[in-house]
S.K.: 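Here it is, the structure in full.
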Amino acid sequence: MIYDLHSHTTSSDGSLTPTELMVRADIKQIDALAITDHDSVSGLQEAKQAITSKGLKTQLINGVEISTKWHGYEIHIVGLALDIDDDVLLATLETQIKHREIRAQAISDKLAKKGIENVYKDAKNKAKGGAVSRTHFAKVLLERGVVSNFDAAFKKYLGKGKSAYVSPNWMDIESAIKIIHRANGIPVLAHPIRYDMSNKWLTKLIEEFAAWGGEAIEVGLTQISPNQREHMSRLANLNGLYSSQGSDFHSPAKWIELGRNLRLTEKCIPVWQHPKWKTA
Ligand code: AMP
Ligand code: MN
Ligand code: MN
Ligand code: MN
């Protein structure tokens, strides 16, 4: 079984529609794919329909990636196998989307002060009705030739502490865990190795996440070293957490593919063994 439990569509900052992503997963022989758009579950219905209408073999797992704030860090909490019609979940995500709008305006204002005008409008167009994200801003800056590559947009303007960075108004981790639980889902700490924090902070993050009811962490990531994987699986076990794996696929590229290079260690208890596990 190939599990890929972290991916994005045009409902947030991915470039494939939910249908296109499901077709790709089927071609790549993924057995179970979780779609985990930023602060949105709006692509999941289309993805489910695509399975029926196109006769795909890939199973869909309902998912979401909620943006939270913790001690100045932006921490992503994935919810897996959740009920996407839960009213509190939907209302909370709507609030997050409003914060995204307000932040996008503020980012655009900061860019305008640097002489880069009207980026909000272009970023919104790129988002095509999905949740507007810094990814869309980076794409606009790249297209306009303001930066020479995608990462430079974050390094120069959009990243934490950079000239167009706007501190977001995300919910806290505990609230994200609560609403995922309310929707019968499994809260997963996303890509723990990517937060650019010391070991001490990371240990504290995982301990608090577990104490608040978090149930799994991502151990199988595309770009993780064997040492890091060992370390993460040890932290998972120490804190009584299941382990998850996912590519965080956003768009077709040479260096990333659905289901590629995702491995847990022998110590890990896979999140798909959780009693609450279910397909959409
Ligand atoms: P947002 O959720 O609007 O804050 O945007 C964050 C998204 O930008 C991430 O989910 C990534 O897809 C993308 N991204 C790409 N490069 C970077 C980077 N260097 N730092 C932060 N986000 C990045
Ligand atoms: Mn993203
Ligand atoms: Mn993330
Ligand atoms: Mn992601």
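Counting convention: from 1, in listed order, for ligands and their atoms alike. Predicted model only: the values in this text are computed from it and were never measured.
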S.K.: Applying side-chain contact (heavy atoms from CB on, under 4.5 Å), run through D122 and R144 and close with a yes or a no.
M.R.: CA-CA 10 Å; D122 290 1; R144 290 199 195 175; 2.9 Å; yes
S.K.: Test of understanding: given a 4.0 Å heavy-atom threshold, classify the contact between R100 and ligand 1 as side chain, backbone, both, or neither.
M.R.: side chain
S.K.: What protein heavy atom sits nearest atom 8 (O) of ligand 1, and how far off is it?
M.R.: T135 OG1, 3.1 Å
S.K.: To the nearest 10 degrees, calculate the angle at the Mn ion (ligand 2) involving NE2 of H250 and NE2 of H38.
M.R.: 120°
S.K.: Is it true that the side chains of T222 and N261 contain a donor and an acceptor less than 3.5 Å apart?
M.R.: no
S.K.: Using a heavy-atom cut-off of under 4.0 Å, does the side chain or the backbone of R103 touch ligand 1, or both, or neither?
M.R.: side chain
S.K.: Write out the residue and atom name of the closest protein heavy atom to atom 5 (O) of ligand 1, then the distance separating them to 0.1 Å.
M.R.: S133 OG, 3.5 Å
S.K.: Any luck finding a side-chain donor-acceptor pair between Y3 and Q59 under 3.5 Å?
M.R.: no
S.K.: With a heavy-atom distance limit of 4.0 Å, tell me whether D13 approaches ligand 1 through its side chain, its backbone, both, or neither.
M.R.: side chain
S.K.: How close does the nearest protein non-hydrogen atom get to atom 20 (N) of ligand 1, and which residue and atom is it?
M.R.: F154 CD2, 3.4 Å
S.K.: Going by the angle between their ring planes, with limits at 30° and 60°, are Y195 and H76 parallel, tilted or perpendicular?
M.R.: perpendicular
S.K.: Identify, by name, the N, O or S atom of D13 lying closest to the Mn ion (ligand 2).
M.R.: OD2
S.K.: Evaluate I173 against I77 for side-chain contact (heavy atoms from CB on, under 4.5 Å), listing each step before the verdict.
M.R.: CA-CA 7 Å; I173 294 176; I77 306 296; 3.9 Å; yes
S.K.: Atoms of ligand 1 less than 4.0 Å from H38 heavy atoms?
M.R.: 10 (O)
S.K.: Assess F150 for proximity to ligand 1: is some non-hydrogen atom of it under 4.0 Å away?
M.R.: yes
S.K.: Using a distance threshold of 2.8 Å, state whether an N, O or S atom of E65 lies below it from the Mn ion (ligand 2).
M.R.: no
S.K.: Taking 2.8 Å as the cut-off, does an N/O/S atom of H6 lie below it from the Mn ion (ligand 3)?
M.R.: no
S.K.: Of the side chain and backbone of R134, name the one, both, or neither that has a heavy atom under 4.0 Å from an atom of ligand 1.
M.R.: both
S.K.: Name of the H76 N, O or S atom nearest the Mn ion (ligand 3)?
M.R.: ND1
S.K.: If you draw a 6.0 Å radius around CD in Q29, do more than 12 non-hydrogen atoms from other residues or ligands fall strictly inside?
M.R.: no
S.K.: Can you tell which part of H250 has a heavy atom less than 4.0 Å from ligand 1: side chain, backbone, both or neither?
M.R.: side chain
S.K.: Strictly distance-based, threshold 3.5 Å: is any side-chain N or O of D248 a donor or acceptor partner for the main-chain N or O of H6?
M.R.: no
S.K.: Of all heavy-atom pairs between W212 and I177, which one has the smallest distance, and what is that distance?
M.R.: O-CG2, 3.4 Å
S.K.: Under the 3.5 angstrom rule, does the side chain of N62 hit a backbone N or O of D83 as a donor-acceptor pair?
M.R.: no
S.K.: Check whether F137 forms a cation-pi arrangement with K126 (NZ or CZ under 6.0 Å from the six-membered ring centre, at most 45° off the ring normal).
M.R.: no
